[in-house]
Amino acid sequence: MTDGSIEADDLGPAMVVHIQRRSLGLRAVVAIDNIACGPAIGGIRMAPDVTAAEAARLARAMTLKNAAAGLPHGGGKSVIFGDPRMPIADKERLVRAFATAIADLKDYIPGPDMGTNEQCMGWVSDEIGRAVGLPRELGGIPLDEIGATGLGVAIAVEVASGFAGLALRGARVAVQGFGAVGIHAARFLANRGAVLIAAGDSRGTIVDPSGLDVEALAGLKAAGRSVLDHGRGERRACDAVIDVACDVWIPAARPDVITAANVARLNTRVVAQGANIPFTLDAERALHGRGVLVVPDFIANAGGVICAATEYHGGTEAQALATIEAKIRANTHQVLEQSRAANTPPRDAALALAERRVRSAAMSRRWR
């Protein structure tokens, strides 16, 4: 596979496994980045254009996310090459084949990610007895249903707004990637008085400065339709969501949507990264130089993995929601406080926090 180069350092990756089952049409990659804090938790991403390098980068993001959240888990990630909209029978066959291929990778606990869901985790668990984000009927806490990641993003925005001197009530919000994470983030923020003025998906962007109906948009997405089918607002191109002047901008789609080439188009005061690695480092530093507060991905979007870890260790839905709020509120405040004191981008403070916890855990491991 020519999937780009994978960068390694003293933290990882511990291993990268390429999987291919030609007779089943299965191609996949599993990256286990670091297990100093415990067995790696990380989602299974399905898309036609995934790469091994993407898996490795996302696995590192999970190492940092789990450590920053104080979870007894390391970071991993897997990618399956395929269209997640394939017929359900074909998808089940592919996911089950992947599950059997990773049966012996016991340091990796898979969960849902882009292109997979609770039902997919049910198939994985049925094959190997090891998965998180299971359907409720199998004892899981359905993180997409309860909006675990979106809740964490909303909490991060609430904390960051205080640091930015921004009143959350009436704050204008734009969401790039109006899927499971983006919908719930918009919903939780609307409940706190914020106003959704722009939402984008794979077909385009809908914009209404007077405010969009979050529940109406969520209903469209649940029916398999686009935000462009909303009855109100101006329809624009997919990447036009970048240009919408707002107070809070939430990327909740793919990696690297904001780079040095387009960061100047962003006009916002606060960014809370609902997606994993949605900005390049150059873009984040440019925003810091402009005074824009960027809450890094592995701080803002840790709600999903906090929920998954709570499920894995036998906790309840109520415990998961309470833990998400407490951990993300405390970590966001700590990171932004340290960033302000040192006058460095928030990611630098977040990295220092997470890496400190990983290296401390490694001191207890035989093979460091």
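Basis for what follows: all heavy atoms, side chains included, without hydrogens, waters or symmetry-related copies.
I324 is connected to I146 through a chain of hydrophobic side-chain contacts under 4.5 Å among Ile, Leu, Val, Met, Phe, Trp and Tyr, so both are in one cluster. The hydrophobic clustering, which links ILVMFWY residues whose side-chain heavy atoms are closer than 4.5 Å, places L351 and L287 apart. Hydrophobic clustering (side-chain heavy atoms under 4.5 Å, transitive across Ile, Leu, Val, Met, Phe, Trp, Tyr) groups L217 together with V173.
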| task | Could you give me the CA-CA distance, side-chain angles and deciding distance for H230 and L212, then say whether side-chain contact (heavy atoms from CB on, under 4.5 Å) is met? | result | CA-CA 9 Å; H230 189 47; L212 294 163; 3.7 Å; yes
| said: Test salt bridge (Lys or Arg N to Asp or Glu O under 4.0 Å) on R359 and D10; report intermediate values, then the result. | reply: CA-CA 10 Å; R359 295 184 192 282; D10 63 326; 2.7 Å; yes
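Distance alone, capped at 3.5 Å, places no donor-acceptor pair between the R169 side chain and the G193 backbone. A donor-acceptor pair is defined here as one N or O able to donate and one able to accept, closer than 3.5 Å; such a pair exists between the side chain of N301 and the backbone of A275. Side chain of N331 to main chain of A68: a donor-acceptor pair is present (N/O by atom type, distance under 3.5 Å, no hydrogens or angles). Judged by distance alone, the side chain of E284 and the main-chain N or O of L281 form no donor-acceptor pair under 3.5 Å. Proximity of a side-chain donor or acceptor of Q273 to a complementary backbone N or O of D297 within less than 3.5 Å is detected.
Side chain to side chain, R232 and S210 meet the donor-acceptor criterion of an N or O pair below 3.5 Å. For the 3.5 Å distance criterion, the side chains of D243 and N267 fail to qualify, holding no donor opposite an acceptor.
With sequence neighbours excluded, no residue forms a side chain to side chain contact (heavy atoms under 4.5 Å, CB included) with S23. Judged as a side chain to side chain contact (heavy atoms under 4.5 Å, CB included), and not counting sequence neighbours, the contacts of E311 are V132, L134, I141. Scanning for side chain to side chain contact (heavy atoms under 4.5 Å, CB included) contacts around P13 gives I6, A8, V16, D33, with sequence neighbours left out. For R236, the side chain to side chain contact (heavy atoms under 4.5 Å, CB included) partners are T205, V207, E234, A240, V244, not counting sequence neighbours.
Taking CG of N276 as the start and CG of D113 as the end, the distance is 6.5 Å to the nearest 0.5 Å. Here the straight-line distance linking atom CE of M46 with atom OG1 of T116 works out to 7.0 Å at 0.5 Å rounding. Between the NE2 atom in H288 and the CZ atom in R347 there is a gap of 13.5 Å [rounded to 0.5 Å].
Between R136 and E145, at least one side-chain nitrogen of the basic residue sits less than 4.0 Å from a carboxylate oxygen of the acidic one, meeting the salt-bridge criterion.
Residue I277 is found in a hydrophobic cluster whose other members, listed by chain and number, are L58; membership requires side-chain heavy atoms under 4.5 Å apart, directly or through intermediates.
When the shell of 6.0 Å around CD of E7 is examined, it contains 12 or fewer heavy atoms from other residues, nucleotides or ligands.
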Using a 3.5 Å cut-off and no angle test, enumerate the donor-acceptor pairs between side-chain atoms of residues 248-259 and protein atoms at least two apart in sequence or in another chain.
{"unit_1": "W249", "atom_1": "NE1", "unit_2": "V241", "atom_2": "O", "d": "3.0"}
{"unit_1": "R254", "atom_1": "NH1", "unit_2": "D49", "atom_2": "OD1", "d": "3.4"}
{"unit_1": "D256", "atom_1": "OD1", "unit_2": "R57", "atom_2": "NH2", "d": "3.2"}
{"unit_1": "D256", "atom_1": "OD2", "unit_2": "R57", "atom_2": "NH1", "d": "3.0"}
{"unit_1": "T259", "atom_1": "OG1", "unit_2": "A261", "atom_2": "N", "d": "3.1"}

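In this structure, P296 and L64 have side chains that are not in contact, with every pair of non-hydrogen atoms separated by 4.5 Å or more.
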